[in-house]
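Only this structure's heavy atoms are used, side chains among them; waters, hydrogens and symmetry mates stay out.
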Amino acid sequence: MGWCRVIVFDNNSFIASVQNAFLFILQLFFSSMDSTIVVNHSRVESYAFVISVVLISLIGLTLFSSSTIGGGALATSIALHPSPAASASVSIPPSLKCGNNVCGAGEDIYSCPADCAKKPLYSTYPGYNNFNLVGNICQDSLCQSVSSFTVTSNGGLAISAWAPDGLPIFLHQTAVNTPVGPTLSGLDVSKCRTASCSTISHASIVSTTFLSGTYYSLSVNAQNVPWIYYAPGNGTPGSQLYRCLSSDCSSVASPVLFPGVNVSMAIGQDDLPILVHDAYNTLGTQQNELYVEKCDNVDCSLNHSVFLDGWAYNGSSSARPQIILGPDGNPYIVYNGSQEHLKLIRCDTSDCSSFTVLANPSKKVIYSAIGFLQNKSPIVAFYHDIPFQTTKNVLLTCSDSLCSTHSTVDLPGKPGTGANPSYSVSMASDGKAIIGYNVVLPSGNDQFTIVKCLDALCQTFSSTQTAVGIGYQHNLST
(Lines give C-alpha, C1' and ligand atoms only; values in the text may rest on other atoms or scores of the structure.)
Protein backbone atom coordinates (compact mmCIF):
# COMPACT_ATOMS: atom_id res chain seq x y z
CA MET A 1 0.00 0.00 0.00
CA GLY A 2 1.36 3.43 -0.92
CA TRP A 3 2.38 5.98 1.67
CA CYS A 4 3.35 9.61 1.57
CA ARG A 5 6.12 11.58 3.26
CA VAL A 6 5.46 15.30 3.74
CA ILE A 7 8.54 17.52 3.92
CA VAL A 8 7.75 20.93 5.38
CA PHE A 9 9.93 24.04 4.94
CA ASP A 10 9.35 27.48 6.39
CA ASN A 11 9.29 30.05 3.60
CA ASN A 12 10.99 32.71 5.74
CA SER A 13 14.10 30.54 6.06
CA PHE A 14 14.16 28.34 2.97
CA ILE A 15 13.19 30.91 0.31
CA ALA A 16 15.34 33.55 1.99
CA SER A 17 18.38 31.25 1.87
CA VAL A 18 17.93 30.50 -1.83
CA GLN A 19 17.26 34.16 -2.56
CA ASN A 20 20.46 35.26 -0.78
CA ALA A 21 22.48 32.73 -2.79
CA PHE A 22 21.16 34.10 -6.09
CA LEU A 23 21.60 37.66 -4.85
CA PHE A 24 25.28 36.97 -4.18
CA ILE A 25 25.73 35.49 -7.69
CA LEU A 26 23.99 38.43 -9.36
CA GLN A 27 26.02 40.95 -7.41
CA LEU A 28 29.24 39.25 -8.52
CA PHE A 29 27.97 39.32 -12.10
CA PHE A 30 27.14 43.02 -12.05
CA SER A 31 30.32 43.93 -10.19
CA SER A 32 32.37 42.29 -12.96
CA MET A 33 30.77 44.56 -15.54
CA ASP A 34 31.82 48.09 -16.46
CA SER A 35 31.87 50.36 -13.42
CA THR A 36 29.93 53.04 -15.26
CA ILE A 37 26.79 50.86 -15.11
CA VAL A 38 24.56 51.89 -12.24
CA VAL A 39 23.31 48.85 -10.36
CA ASN A 40 19.78 49.04 -8.90
CA HIS A 41 20.15 46.81 -5.83
CA SER A 42 16.42 46.60 -5.12
CA ARG A 43 15.87 45.33 -8.68
CA VAL A 44 18.68 42.79 -8.23
CA GLU A 45 16.95 41.55 -5.07
CA SER A 46 13.71 41.22 -7.01
CA TYR A 47 15.46 39.23 -9.76
CA ALA A 48 16.99 36.97 -7.11
CA PHE A 49 13.60 36.37 -5.48
CA VAL A 50 11.84 35.55 -8.77
CA ILE A 51 14.60 33.16 -9.89
CA SER A 52 14.61 31.38 -6.52
CA VAL A 53 10.81 30.86 -6.50
CA VAL A 54 10.82 29.58 -10.13
CA LEU A 55 13.65 27.16 -9.38
CA ILE A 56 11.95 25.81 -6.26
CA SER A 57 8.69 25.29 -8.22
CA LEU A 58 10.52 23.40 -10.98
CA ILE A 59 12.23 21.17 -8.43
CA GLY A 60 8.89 20.44 -6.75
CA LEU A 61 7.14 19.61 -10.03
CA THR A 62 10.02 17.35 -11.09
CA LEU A 63 9.95 15.40 -7.83
CA PHE A 64 6.17 15.10 -7.88
CA SER A 65 5.90 13.98 -11.52
CA SER A 66 8.66 11.40 -11.11
CA SER A 67 6.96 9.75 -8.12
CA THR A 68 4.12 7.25 -8.28
CA ILE A 69 1.31 7.11 -5.70
CA GLY A 70 0.14 3.63 -4.79
CA GLY A 71 1.52 0.21 -5.51
CA GLY A 72 3.99 0.57 -2.68
CA ALA A 73 5.96 3.39 -4.37
CA LEU A 74 7.08 6.40 -2.36
CA ALA A 75 5.17 9.60 -3.13
CA THR A 76 7.10 12.71 -2.16
CA SER A 77 5.73 16.23 -1.98
CA ILE A 78 7.08 19.52 -0.73
CA ALA A 79 4.78 21.83 1.19
CA LEU A 80 5.78 25.38 1.98
CA HIS A 81 4.56 26.60 5.35
CA PRO A 82 3.21 30.14 4.90
CA SER A 83 4.34 32.95 7.12
CA PRO A 84 1.81 34.27 9.68
CA ALA A 85 1.01 37.15 7.37
CA ALA A 86 0.20 34.91 4.41
CA SER A 87 -3.43 34.60 3.31
CA ALA A 88 -3.24 30.93 2.27
CA SER A 89 -2.39 27.96 4.43
CA VAL A 90 -1.58 24.30 3.93
CA SER A 91 -3.24 21.78 6.24
CA ILE A 92 -2.92 18.04 6.68
CA PRO A 93 -6.13 16.25 5.61
CA PRO A 94 -8.26 15.14 8.60
CA SER A 95 -7.93 11.49 7.49
CA LEU A 96 -4.23 11.62 8.38
CA LYS A 97 -5.13 12.46 11.97
CA CYS A 98 -7.14 9.29 12.74
CA GLY A 99 -5.67 7.55 15.74
CA ASN A 100 -4.66 10.62 17.72
CA ASN A 101 -7.49 10.08 20.28
CA VAL A 102 -9.21 13.29 19.18
CA CYS A 103 -12.40 13.22 17.10
CA GLY A 104 -11.50 16.18 14.91
CA ALA A 105 -13.05 18.00 11.98
CA GLY A 106 -13.83 15.67 9.11
CA GLU A 107 -13.92 12.59 11.36
CA ASP A 108 -16.91 10.65 12.65
CA ILE A 109 -17.68 7.26 14.13
CA TYR A 110 -17.68 5.69 10.65
CA SER A 111 -14.47 7.16 9.26
CA CYS A 112 -12.52 6.91 12.52
CA PRO A 113 -14.20 4.90 15.30
CA ALA A 114 -10.88 4.74 17.15
CA ASP A 115 -11.16 8.47 17.85
CA CYS A 116 -14.91 9.09 17.72
CA ALA A 117 -16.55 6.05 19.35
CA LYS A 118 -17.00 6.65 23.08
CA LYS A 119 -16.76 3.88 25.64
CA PRO A 120 -19.92 1.75 25.83
CA LEU A 121 -22.26 3.08 28.54
CA TYR A 122 -25.30 1.34 29.96
CA SER A 123 -27.40 1.12 33.12
CA THR A 124 -28.93 -1.72 35.09
CA TYR A 125 -31.16 -2.05 38.13
CA PRO A 126 -32.08 -5.30 39.86
CA GLY A 127 -35.82 -4.77 40.18
CA TYR A 128 -37.77 -7.02 42.54
CA ASN A 129 -38.06 -4.18 45.10
CA ASN A 130 -34.37 -3.31 44.71
CA PHE A 131 -34.12 0.11 43.08
CA ASN A 132 -30.37 0.65 43.10
CA LEU A 133 -29.75 2.08 39.62
CA VAL A 134 -26.18 1.41 38.49
CA GLY A 135 -24.29 3.10 35.67
CA ASN A 136 -21.64 1.09 33.85
CA ILE A 137 -18.81 2.26 31.58
CA CYS A 138 -17.02 -0.46 29.62
CA GLN A 139 -13.24 -0.15 29.62
CA ASP A 140 -12.83 -2.33 26.52
CA SER A 141 -14.88 -3.11 23.43
CA LEU A 142 -16.08 -6.46 24.82
CA CYS A 143 -17.11 -4.96 28.16
CA GLN A 144 -15.03 -7.55 29.98
CA SER A 145 -13.75 -4.76 32.21
CA VAL A 146 -16.46 -2.46 33.56
CA SER A 147 -16.34 0.62 35.79
CA SER A 148 -19.59 0.79 37.76
CA PHE A 149 -21.11 3.48 39.97
CA THR A 150 -24.42 4.12 41.71
CA VAL A 151 -26.61 6.61 39.86
CA THR A 152 -29.32 6.63 42.52
CA SER A 153 -30.59 4.27 45.21
CA ASN A 154 -34.21 4.75 44.16
CA GLY A 155 -34.12 4.37 40.39
CA GLY A 156 -35.89 2.29 37.80
CA LEU A 157 -35.70 1.65 34.07
CA ALA A 158 -33.22 4.10 32.59
CA ILE A 159 -31.90 5.52 29.34
CA SER A 160 -28.23 6.46 29.27
CA ALA A 161 -26.38 8.76 26.90
CA TRP A 162 -23.06 10.53 26.48
CA ALA A 163 -23.63 14.29 26.49
CA PRO A 164 -21.49 16.48 24.19
CA ASP A 165 -19.55 17.64 27.25
CA GLY A 166 -18.22 14.07 27.56
CA LEU A 167 -20.19 13.21 30.71
CA PRO A 168 -22.91 10.54 31.12
CA ILE A 169 -26.54 11.54 31.58
CA PHE A 170 -29.43 9.25 32.62
CA LEU A 171 -33.19 9.56 32.28
CA HIS A 172 -34.87 7.15 34.66
CA GLN A 173 -37.92 6.29 36.69
CA THR A 174 -37.78 6.96 40.43
CA ALA A 175 -39.06 4.80 43.27
CA VAL A 176 -41.01 6.01 46.30
CA ASN A 177 -42.27 4.18 49.37
CA THR A 178 -46.04 3.76 49.71
CA PRO A 179 -48.19 2.02 52.33
CA VAL A 180 -48.24 -1.05 50.10
CA GLY A 181 -44.51 -0.99 49.40
CA PRO A 182 -42.12 0.73 46.95
CA THR A 183 -43.50 1.79 43.62
CA LEU A 184 -42.11 3.62 40.60
CA SER A 185 -43.30 7.20 40.52
CA GLY A 186 -41.80 10.06 38.56
CA LEU A 187 -39.18 10.64 35.91
CA ASP A 188 -35.79 12.10 36.84
CA VAL A 189 -32.60 13.18 35.10
CA SER A 190 -29.29 12.27 36.74
CA LYS A 191 -26.20 13.97 35.29
CA CYS A 192 -22.60 13.09 36.09
CA ARG A 193 -20.64 16.19 37.07
CA THR A 194 -17.23 14.50 36.92
CA ALA A 195 -15.63 11.99 34.55
CA SER A 196 -15.71 9.28 37.24
CA CYS A 197 -19.34 10.13 38.13
CA SER A 198 -18.30 10.57 41.76
CA THR A 199 -20.61 13.60 41.80
CA ILE A 200 -24.08 13.33 40.26
CA SER A 201 -26.87 15.92 40.14
CA HIS A 202 -30.54 14.93 40.15
CA ALA A 203 -33.56 16.77 38.75
CA SER A 204 -37.23 15.82 38.72
CA ILE A 205 -38.96 16.09 35.34
CA VAL A 206 -42.33 14.37 35.82
CA SER A 207 -44.09 13.44 39.06
CA THR A 208 -46.69 10.76 38.44
CA THR A 209 -47.45 7.14 39.23
CA PHE A 210 -46.07 5.00 36.45
CA LEU A 211 -48.33 2.53 34.77
CA SER A 212 -47.54 -0.28 32.39
CA GLY A 213 -46.47 0.75 28.92
CA THR A 214 -44.71 3.98 29.91
CA TYR A 215 -42.30 5.13 27.21
CA TYR A 216 -39.71 7.86 27.23
CA SER A 217 -36.76 8.99 25.15
CA LEU A 218 -33.68 11.15 25.80
CA SER A 219 -31.57 13.11 23.31
CA VAL A 220 -28.96 15.83 23.86
CA ASN A 221 -28.27 18.38 21.14
CA ALA A 222 -24.93 19.90 20.13
CA GLN A 223 -25.47 22.79 22.55
CA ASN A 224 -25.54 20.27 25.45
CA VAL A 225 -29.30 20.81 25.89
CA PRO A 226 -31.21 17.61 26.84
CA TRP A 227 -34.66 16.95 25.39
CA ILE A 228 -37.07 14.45 26.95
CA TYR A 229 -39.99 12.83 25.15
CA TYR A 230 -42.44 11.02 27.41
CA ALA A 231 -45.77 9.17 27.20
CA PRO A 232 -47.54 8.11 30.41
CA GLY A 233 -48.60 4.68 29.16
CA ASN A 234 -51.41 2.32 30.16
CA GLY A 235 -53.38 3.46 27.14
CA THR A 236 -53.42 7.09 28.28
CA PRO A 237 -53.38 9.13 25.06
CA GLY A 238 -50.92 11.93 24.50
CA SER A 239 -47.17 12.48 24.77
CA GLN A 240 -45.10 15.36 26.13
CA LEU A 241 -41.85 16.93 24.91
CA TYR A 242 -39.69 18.68 27.53
CA ARG A 243 -36.76 20.99 26.79
CA CYS A 244 -34.21 21.35 29.57
CA LEU A 245 -32.99 24.89 30.17
CA SER A 246 -29.67 23.70 31.58
CA SER A 247 -27.33 20.78 30.90
CA ASP A 248 -28.46 19.00 34.10
CA CYS A 249 -32.19 19.73 33.59
CA SER A 250 -32.38 21.62 36.90
CA SER A 251 -34.89 23.82 35.08
CA VAL A 252 -37.28 22.68 32.36
CA ALA A 253 -39.58 24.52 29.98
CA SER A 254 -43.28 23.74 29.88
CA PRO A 255 -43.96 20.66 27.75
CA VAL A 256 -45.17 20.70 24.17
CA LEU A 257 -48.06 18.25 23.76
CA PHE A 258 -48.45 15.68 21.01
CA PRO A 259 -50.56 12.54 20.41
CA GLY A 260 -49.02 9.11 20.80
CA VAL A 261 -48.42 6.28 23.25
CA ASN A 262 -45.20 4.63 22.08
CA VAL A 263 -42.59 7.30 21.43
CA SER A 264 -39.01 7.84 20.31
CA MET A 265 -36.88 10.90 19.50
CA ALA A 266 -33.69 11.97 17.73
CA ILE A 267 -31.92 15.26 17.13
CA GLY A 268 -31.88 16.27 13.46
CA GLN A 269 -29.11 17.92 11.47
CA ASP A 270 -30.67 21.29 12.33
CA ASP A 271 -30.07 20.48 16.02
CA LEU A 272 -33.83 20.32 16.63
CA PRO A 273 -35.85 17.28 17.75
CA ILE A 274 -37.66 14.94 15.40
CA LEU A 275 -40.22 12.69 17.08
CA VAL A 276 -41.98 9.50 16.08
CA HIS A 277 -45.05 8.03 17.78
CA ASP A 278 -47.89 5.67 17.09
CA ALA A 279 -51.59 6.45 17.45
CA TYR A 280 -54.94 4.79 16.93
CA ASN A 281 -57.90 5.93 14.88
CA THR A 282 -57.00 9.62 14.73
CA LEU A 283 -58.06 9.57 11.07
CA GLY A 284 -61.38 7.86 11.86
CA THR A 285 -60.41 4.78 9.85
CA GLN A 286 -60.16 2.35 12.78
CA GLN A 287 -56.49 1.64 12.13
CA ASN A 288 -53.09 1.87 13.73
CA GLU A 289 -51.08 4.87 12.61
CA LEU A 290 -47.51 6.13 12.73
CA TYR A 291 -46.49 9.80 12.68
CA VAL A 292 -43.38 11.98 12.67
CA GLU A 293 -43.45 15.35 14.44
CA LYS A 294 -40.72 17.78 13.38
CA CYS A 295 -39.77 20.74 15.55
CA ASP A 296 -39.34 23.92 13.49
CA ASN A 297 -37.90 26.29 16.11
CA VAL A 298 -35.72 26.15 19.20
CA ASP A 299 -38.52 25.48 21.71
CA CYS A 300 -40.67 23.39 19.32
CA SER A 301 -43.60 25.77 19.71
CA LEU A 302 -43.61 25.62 15.92
CA ASN A 303 -43.81 22.09 14.55
CA HIS A 304 -45.49 20.06 11.87
CA SER A 305 -46.80 16.51 11.61
CA VAL A 306 -46.16 13.91 8.89
CA PHE A 307 -48.26 10.76 8.49
CA LEU A 308 -45.99 7.77 7.81
CA ASP A 309 -48.06 4.60 7.84
CA GLY A 310 -51.40 3.08 8.67
CA TRP A 311 -52.54 -0.51 8.93
CA ALA A 312 -55.55 -2.50 10.07
CA TYR A 313 -55.93 -2.87 13.82
CA ASN A 314 -54.68 -6.35 14.74
CA GLY A 315 -55.26 -6.49 18.48
CA SER A 316 -52.29 -4.32 19.35
CA SER A 317 -51.75 -0.60 18.79
CA SER A 318 -48.08 -0.76 19.80
CA ALA A 319 -45.83 0.09 16.89
CA ARG A 320 -42.95 0.58 19.37
CA PRO A 321 -40.99 2.76 16.95
CA GLN A 322 -37.38 3.83 17.26
CA ILE A 323 -35.82 6.73 15.34
CA ILE A 324 -32.14 7.58 14.99
CA LEU A 325 -30.11 9.81 12.71
CA GLY A 326 -28.27 7.84 10.02
CA PRO A 327 -24.74 8.31 8.65
CA ASP A 328 -26.20 10.34 5.77
CA GLY A 329 -27.86 12.77 8.20
CA ASN A 330 -31.38 11.48 7.46
CA PRO A 331 -33.63 9.82 10.05
CA TYR A 332 -34.10 6.05 10.03
CA ILE A 333 -37.12 4.45 11.72
CA VAL A 334 -37.83 0.86 12.70
CA TYR A 335 -41.24 -0.24 14.02
CA ASN A 336 -43.86 -2.98 14.17
CA GLY A 337 -46.05 -2.47 11.12
CA SER A 338 -48.91 -4.39 9.60
CA GLN A 339 -49.43 -7.80 11.26
CA GLU A 340 -46.71 -6.66 13.70
CA HIS A 341 -44.07 -7.37 11.07
CA LEU A 342 -40.74 -5.57 11.28
CA LYS A 343 -40.50 -2.48 9.06
CA LEU A 344 -37.40 -0.38 8.42
CA ILE A 345 -37.62 2.95 6.60
CA ARG A 346 -35.17 5.67 5.63
CA CYS A 347 -36.41 9.25 5.51
CA ASP A 348 -35.41 10.99 2.29
CA THR A 349 -36.12 14.40 3.81
CA SER A 350 -35.36 15.89 7.23
CA ASP A 351 -39.03 15.64 8.29
CA CYS A 352 -39.67 12.26 6.64
CA SER A 353 -42.28 13.76 4.28
CA SER A 354 -40.66 11.45 1.74
CA PHE A 355 -39.23 8.08 2.70
CA THR A 356 -38.06 4.73 1.36
CA VAL A 357 -38.96 1.32 2.80
CA LEU A 358 -35.67 -0.54 3.18
CA ALA A 359 -36.88 -3.81 4.70
CA ASN A 360 -40.20 -5.37 5.61
CA PRO A 361 -39.60 -9.06 6.34
CA SER A 362 -42.47 -11.28 7.39
CA LYS A 363 -41.18 -11.54 10.95
CA LYS A 364 -43.41 -10.67 13.89
CA VAL A 365 -41.59 -8.48 16.37
CA ILE A 366 -42.24 -7.01 19.79
CA TYR A 367 -39.15 -4.88 20.43
CA SER A 368 -36.40 -3.71 18.08
CA ALA A 369 -33.49 -1.29 17.75
CA ILE A 370 -31.51 0.04 14.81
CA GLY A 371 -27.82 0.78 14.41
CA PHE A 372 -25.20 0.89 11.67
CA LEU A 373 -22.09 -0.99 10.64
CA GLN A 374 -18.90 0.88 9.83
CA ASN A 375 -19.75 0.60 6.10
CA LYS A 376 -22.95 2.54 6.95
CA SER A 377 -25.27 -0.42 6.37
CA PRO A 378 -28.27 -0.52 8.76
CA ILE A 379 -28.63 -3.40 11.21
CA VAL A 380 -31.65 -4.16 13.39
CA ALA A 381 -31.71 -6.26 16.57
CA PHE A 382 -35.18 -7.49 17.49
CA TYR A 383 -37.33 -9.80 19.58
CA HIS A 384 -38.79 -12.32 17.11
CA ASP A 385 -42.13 -13.56 18.36
CA ILE A 386 -42.77 -16.88 16.61
CA PRO A 387 -46.36 -18.02 17.26
CA PHE A 388 -46.52 -21.36 19.09
CA GLN A 389 -42.73 -21.61 18.98
CA THR A 390 -39.73 -20.42 21.00
CA THR A 391 -39.02 -16.72 20.72
CA LYS A 392 -35.60 -15.58 19.48
CA ASN A 393 -33.18 -12.68 19.60
CA VAL A 394 -32.44 -11.92 15.94
CA LEU A 395 -30.17 -9.53 14.03
CA LEU A 396 -31.10 -8.26 10.56
CA THR A 397 -28.14 -7.03 8.50
CA CYS A 398 -28.46 -4.94 5.34
CA SER A 399 -25.99 -5.51 2.50
CA ASP A 400 -25.47 -1.78 1.92
CA SER A 401 -26.71 1.64 3.02
CA LEU A 402 -29.91 1.26 0.98
CA CYS A 403 -30.50 -2.30 2.18
CA SER A 404 -30.62 -3.70 -1.36
CA THR A 405 -30.67 -7.14 0.26
CA HIS A 406 -30.72 -8.26 3.85
CA SER A 407 -30.12 -11.38 5.90
CA THR A 408 -30.88 -12.48 9.46
CA VAL A 409 -28.92 -14.41 12.05
CA ASP A 410 -29.91 -15.55 15.54
CA LEU A 411 -28.29 -13.80 18.49
CA PRO A 412 -27.17 -15.83 21.52
CA GLY A 413 -29.60 -16.41 24.37
CA LYS A 414 -33.35 -16.58 24.83
CA PRO A 415 -35.17 -13.21 24.95
CA GLY A 416 -35.81 -11.73 28.39
CA THR A 417 -39.24 -11.78 29.92
CA GLY A 418 -39.11 -8.41 31.71
CA ALA A 419 -41.48 -5.51 31.24
CA ASN A 420 -39.32 -3.95 28.53
CA PRO A 421 -36.69 -6.36 27.17
CA SER A 422 -35.27 -3.58 25.04
CA TYR A 423 -32.49 -3.78 22.48
CA SER A 424 -29.72 -1.38 21.54
CA VAL A 425 -27.07 -1.35 18.84
CA SER A 426 -23.89 0.69 18.83
CA MET A 427 -20.28 0.67 17.62
CA ALA A 428 -17.04 -0.09 19.46
CA SER A 429 -13.75 1.74 18.95
CA ASP A 430 -12.50 -0.96 16.56
CA GLY A 431 -15.46 -0.33 14.22
CA LYS A 432 -17.31 -3.55 15.08
CA ALA A 433 -20.93 -3.43 16.20
CA ILE A 434 -21.95 -4.22 19.77
CA ILE A 435 -25.48 -5.25 20.74
CA GLY A 436 -27.13 -5.07 24.14
CA TYR A 437 -30.30 -6.93 25.17
CA ASN A 438 -31.83 -8.99 27.95
CA VAL A 439 -31.75 -12.77 28.14
CA VAL A 440 -33.64 -14.99 30.53
CA LEU A 441 -31.65 -17.10 32.99
CA PRO A 442 -32.54 -20.64 34.13
CA SER A 443 -33.79 -19.01 37.33
CA GLY A 444 -36.33 -17.08 35.30
CA ASN A 445 -34.67 -13.73 35.98
CA ASP A 446 -33.52 -11.39 33.23
CA GLN A 447 -29.89 -10.52 32.76
CA PHE A 448 -28.42 -7.81 30.55
CA THR A 449 -26.12 -9.20 27.88
CA ILE A 450 -23.65 -7.64 25.47
CA VAL A 451 -22.38 -9.40 22.37
CA LYS A 452 -19.65 -8.14 20.05
CA CYS A 453 -19.60 -8.69 16.31
CA LEU A 454 -16.40 -10.42 15.22
CA ASP A 455 -16.64 -9.57 11.54
CA ALA A 456 -17.47 -6.43 9.60
CA LEU A 457 -20.89 -7.74 8.46
CA CYS A 458 -21.82 -8.98 11.94
CA GLN A 459 -22.48 -12.62 11.10
CA THR A 460 -20.44 -14.05 13.98
CA PHE A 461 -20.30 -12.97 17.60
CA SER A 462 -18.10 -13.08 20.65
CA SER A 463 -19.07 -15.24 23.57
CA THR A 464 -21.86 -13.64 25.53
CA GLN A 465 -20.67 -10.90 27.87
CA THR A 466 -22.79 -10.42 30.97
CA ALA A 467 -23.22 -7.13 32.77
CA VAL A 468 -22.88 -6.59 36.51
CA GLY A 469 -25.95 -7.86 38.38
CA ILE A 470 -29.36 -9.01 37.32
CA GLY A 471 -31.69 -6.42 35.90
CA TYR A 472 -33.15 -4.51 33.04
CA GLN A 473 -31.32 -2.40 30.49
CA HIS A 474 -32.57 0.54 28.48
CA ASN A 475 -29.83 1.31 26.06
CA LEU A 476 -26.20 0.72 25.27
CA SER A 477 -24.74 4.07 24.30
CA THR A 478 -21.44 4.98 22.60
Is there a side-chain contact between [X] and [Y] in this structure, where contact means two heavy atoms from C-beta onward sitting under 4.5 Å apart?
X      : Y      : answer
Phe170 : Ile200 : no
Val451 : Tyr437 : yes
Phe461 : Cys453 : yes
Phe372 : Ile324 : yes
Ile137 : Trp162 : yes
Cys244 : Ile228 : yes
Phe382 : Val334 : no
Cys352 : Ile333 : yes

Can you measure from [atom1] ([X]) to [atom2] ([Y]) and round to the nearest 0.5 angstrom?
X      : Y      : atom1 : atom2 : value
Thr124 : Asn136 : OG1   : CG    : 4.5 Å
His202 : Asp248 : NE2   : CG    : 11.0 Å
His277 : Leu290 : NE2   : CG    : 8.0 Å
Cys347 : Ile345 : SG    : CD1   : 5.0 Å
Tyr110 : Ser401 : OH    : OG    : 11.0 Å
Leu272 : Gln269 : CG    : CD    : 12.0 Å

So, [X] side chain and [Y] main chain: donor-acceptor pair closer than 3.5 Å or not?
X      : Y      : answer
Asp115 : Asn101 : yes
Asp278 : Asn262 : yes
Ser239 : Pro259 : yes
Ser264 : Ile323 : yes
Gln459 : Val409 : no
Ser219 : Trp227 : no
Asp385 : Ile366 : no
Gln223 : Asn221 : no
Asn336 : Leu342 : no
Asp400 : Ser377 : no

*asked:* According to salt bridge (Lys or Arg N to Asp or Glu O under 4.0 Å), does anything in residues 263-276 pair up with another residue at least two apart or in another chain? List the pairs.
replied: Asp270-Lys294
_Within residues 345-354 or reaching into it, pairs that qualify as salt bridge (Lys or Arg N to Asp or Glu O under 4.0 Å) - sequence neighbours excluded_ =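 For residues 345-354: Asp328-Arg346, Arg346-Asp348.
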*Return yes if a side-chain donor-acceptor contact under 3.5 Å exists between Asp140 and Ser145, otherwise no.*
no
*Donor + acceptor pair across side chains of Asp309, Tyr335 (<3.5 Å)*: yes
If you take all heavy atoms of [X] and [Y], which pair is closest and at what distance?
X      : Y      : result
Lys414 : Asn393 : C-ND2, 3.5 Å
Lys191 : Ser247 : CE-O, 3.8 Å
Val261 : Ala231 : O-CB, 3.1 Å
Gly155 : Leu133 : CA-CB, 4.0 Å
Thr194 : Thr199 : OG1-N, 3.6 Å
Leu396 : Pro361 : CD1-CG, 3.9 Å

*May I have the step-by-step check of side chain to side chain contact (heavy atoms under 4.5 Å, CB included) for Leu218 and Tyr216, ending in yes or no?*
CA-CA 7 Å; Leu218 168 71; Tyr216 41 93; over 6 Å; no
_Taking side chain to side chain contact (heavy atoms under 4.5 Å, CB included) as the definition, give me every residue that meets it alongside Ser305, ordered by chain and number, with sequence neighbours left out._
Tyr291, Glu293
*In chain order, what residues pass the side chain to side chain contact (heavy atoms under 4.5 Å, CB included) check against Ala253, with sequence neighbours excluded?*
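Testing Ala253 for side chain to side chain contact (heavy atoms under 4.5 Å, CB included), a comparison that skips the adjacent residues, returns Arg243, Leu245.
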*Please list, chain by chain and in numerical order, all residues satisfying salt bridge (charged side-chain N to carboxylate O under 4.0 Å, His left out) with Asp108, sequence neighbours excluded.*
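Partners of Asp108 under the salt bridge (charged side-chain N to carboxylate O under 4.0 Å, His left out) test: none.
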_Contacts of Asp299 that satisfy salt bridge (charged side-chain N to carboxylate O under 4.0 Å, His left out) - sequence neighbours left out_ =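 By the salt bridge (charged side-chain N to carboxylate O under 4.0 Å, His left out) rule, Asp299 matches no residue at all.
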*asked:* Could you go through Ile274 and Ser350, starting from their C-alpha distance and side-chain angles, then the distance that decides it, and tell me whether this counts as side chain to side chain contact (heavy atoms under 4.5 Å, CB included)?
replied: CA-CA 9 Å; Ile274 178 169; Ser350 61; over 6 Å; no
*Using the side chain to side chain contact (heavy atoms under 4.5 Å, CB included) rule, take Ser368 and Gln322 through it: C-alpha gap first, then chi angles, then the decisive distance, then the call.*
CA-CA 8 Å; Ser368 59; Gln322 188 205 22; 5.8 Å; no
*Begin with the C-alpha distance, continue with both residues' side-chain angles, and end with the deciding distance and a verdict on side chain to side chain contact (heavy atoms under 4.5 Å, CB included) for Val151 and Ser123.*
CA-CA 9 Å; Val151 177; Ser123 60; 5.7 Å; no
*Under 2.5 Å between the sulfurs of Cys103 and Cys116, yes or no?*
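The answer is yes, since Cys116 and Cys103 bring their SG atoms under 2.5 Å apart.
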